[in-house]
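For reference, the structure is listed below as structure tokens.
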Amino acid sequence: MQLTEAQVLELLQGGDDAWLYAESARLCRENFGDAVYLRGIVEFSNVCANGCSYCGLRRQNADAKRYRLTREEIMESVTVLDREDLPTVVLQSGDNGAYSTSGIGEIIREVKSRFDMAVTLSLGDRPVGDYAHWHACGADRFLLRIETTNRGLYSDLRDGKLFEDRVKLVESLRNLGYEAGSGFMVGLPGTDARTTAQDILFLTSLGLDMIGVGPFIPHHATPLASEPMADPDLTYRTLAVLRLMNPMANMPATSALEAMEPGGRLKGLELGCNVIMPSVTPDRVRAAYSIYPGKHSHTVNTEDSIIAAKDIIRSIGRVPSASKGYSLRRNHEQQGPPRCPAGDFAGRAQECG
Ligand code: 5AD
């Protein structure tokens with residue numbers, strides 16, 4: 001559905017919540033049925049070279065206990081996912097902190113050769129040559145958020161970096177053949193509903209396979225410590241409007257929703273999200289991956305986090321899918337294989353690659 005900025009703004013201001021939420025839920029069901037895809041996320045290092053003002057992993061945060069998982073530890077987490085029938089792993093870390101380009105490439109190769117698994121990367125800004133190398137190693141997808149479309153704010157919050165450069169990187173990911181994902185934070189200081197409407201329209205214009213949007217949550221050890229958290233209503237409406245405009249995109253109900261308010265992820269699934277990303281970061285370090293407070297407070301360990309995710313899905317009558325959940329948008333555009341029915345955990349028989 002195409003909407004103008006004025007129409008988006010009206011919906012974000014609560015112009016017609018009943019219609020908005022019914023329509024976004026209907027579109028999600030029409031495209032994905034009851035299936036909710038699970039992607040297990042391994043946060044393999046919190047070392048970060050950047051100084052983003054919103055993020056608890058910023059290099060200036062001396063309180064953060066820095067860690068770097070070994071290759072063996074990363075593979076152990078991937079093994080847990082395989083055992084639990086979660087056929088996508090998301091490898092995420094701080095920017096430029098932990099591994100060399102070739103070291104990450106080796107890990108991707110190992111996952112792809114040992115497991116029948118989709119690999120998603122979330123590793124921040126890197127030279128396009130690095131993205132190309134990892135794609136050649138077998139990585140399927142990449143997540144790189146644009147954070148905000150307000151150019152001045154983007155530079156202020158991200159060490160003077162340029163919004164245009166970030167967008168070019170997102171476009172390069174798609175051109176390299178990745179399934180490309182991006183997103184932004186709702187409620188960054190200095191933004192309002194109009195900024196959010198512009199973020200929604202811009203993000204939609206990128207034609208993304210995946211859209212990850214969550215609320216800004218202030219972190220005590222950052223310059224934005226005393227700023228308010230995002231408004232929950234604006235956050236939920238943003239997700240619903242994104243679903244209207246991007247009916248086929250894979251959209252996670254992010255853990256930031258849960259940090260914003262208990263039950264936030266459930267609400268996200270009810271209003272149009274179709275993905276949930278439990279953390280399988282090893283217990284000994286998961287608390288240290290503190291991008292924002294409360295990130296891991298709802299689950300203390302890997303197993304709980306997978307169980308909690310499946311419970312949330314089932315509690316609203318949906319099905320935790322064993323499918324890799326490749327991009328419907330691509331299948332559609334390339335007229336590829338028909339889309340996957342909702343898989344269940346009886347096995348992977350229903351998976352459609
Ligand atoms: N609150 C919410 N989300 C945050 N992120 C970083 N810091 C915060 C915060 N304080 C998001 C950014 C980043 C992603 C990994 O986490 O959008 O791209």
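Order of listing sets the numbers, starting from 1, for every ligand and every atom in it.
Ligand 1 lies less than 4.0 angstrom from a heavy atom belonging to P215.
Of the options I217, L188, L157, the smallest heavy-atom separation from atom 1 (N) of ligand 1 is shown by I217.
Atom 11 (C) of ligand 1 has its closest protein heavy atom at R145 NH1, 3.6 Å. If you check which protein heavy atom lies closest to atom 5 (N) of ligand 1, you get I291 CG2, 3.5 Å. Atom 4 (C) of ligand 1 has as its closest protein heavy atom M185 SD, 3.4 Å.
Residue-level proximity to ligand 1 for H219 is absent, since no heavy atom of it falls below 4.0 angstrom. Within the 4.0 Å heavy-atom criterion, neither part of C52 lies near ligand 1.
Between W134 and F142, the ring planes lie parallel to each other; the angle is under 30°, not in the 30° to 60° tilted range.
Each of the atoms 1 (N), 2 (C), 3 (N), 4 (C), 8 (C), 9 (C), 10 (N) of ligand 1 lies under 4.0 Å from some heavy atom of Y292. Residue-ligand proximity, C55 to ligand 1, at heavy-atom distances under 4.0 Å covers atoms 7 (N). The atoms of ligand 1 that sit less than 4.0 Å from any heavy atom of E147 are 12 (C), 13 (C), 17 (O), 18 (O). For ligand 1, the atoms lying closer than 4.0 Å to a non-hydrogen atom of F216 are 1 (N), 2 (C), 10 (N).
Between M185 and R145, some side-chain heavy-atom pair lies under the 4.5 Å cut-off. Side chains of H220 and P293 form no contact here, defined as non-hydrogen atoms less than 4.5 Å apart.
A 6.0 Å sphere centred on CD of E303 holds no more than 12 heavy atoms belonging to other residues, nucleotides or ligands. Within 6.0 Å of atom CZ in R151, more than 12 heavy atoms from other residues, nucleotides or ligands are found, so the atom counts as buried in its surroundings.
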task: Might you work through the side chain to side chain contact (heavy atoms under 4.5 Å, CB included) test for L143 and M210, ending with a clear yes or no?
output: CA-CA 8 Å; L143 306 173; M210 301 171 286; 3.7 Å; yes

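An N or O contact shorter than 3.5 Å links Y54 to ligand 1 by distance.
Not less than 6.0 angstrom separates the ring centroid of F202 from the ring centroid of F184.
For S172 and Y178, the side-chain atoms include no donor-acceptor pair closer than 3.5 Å.
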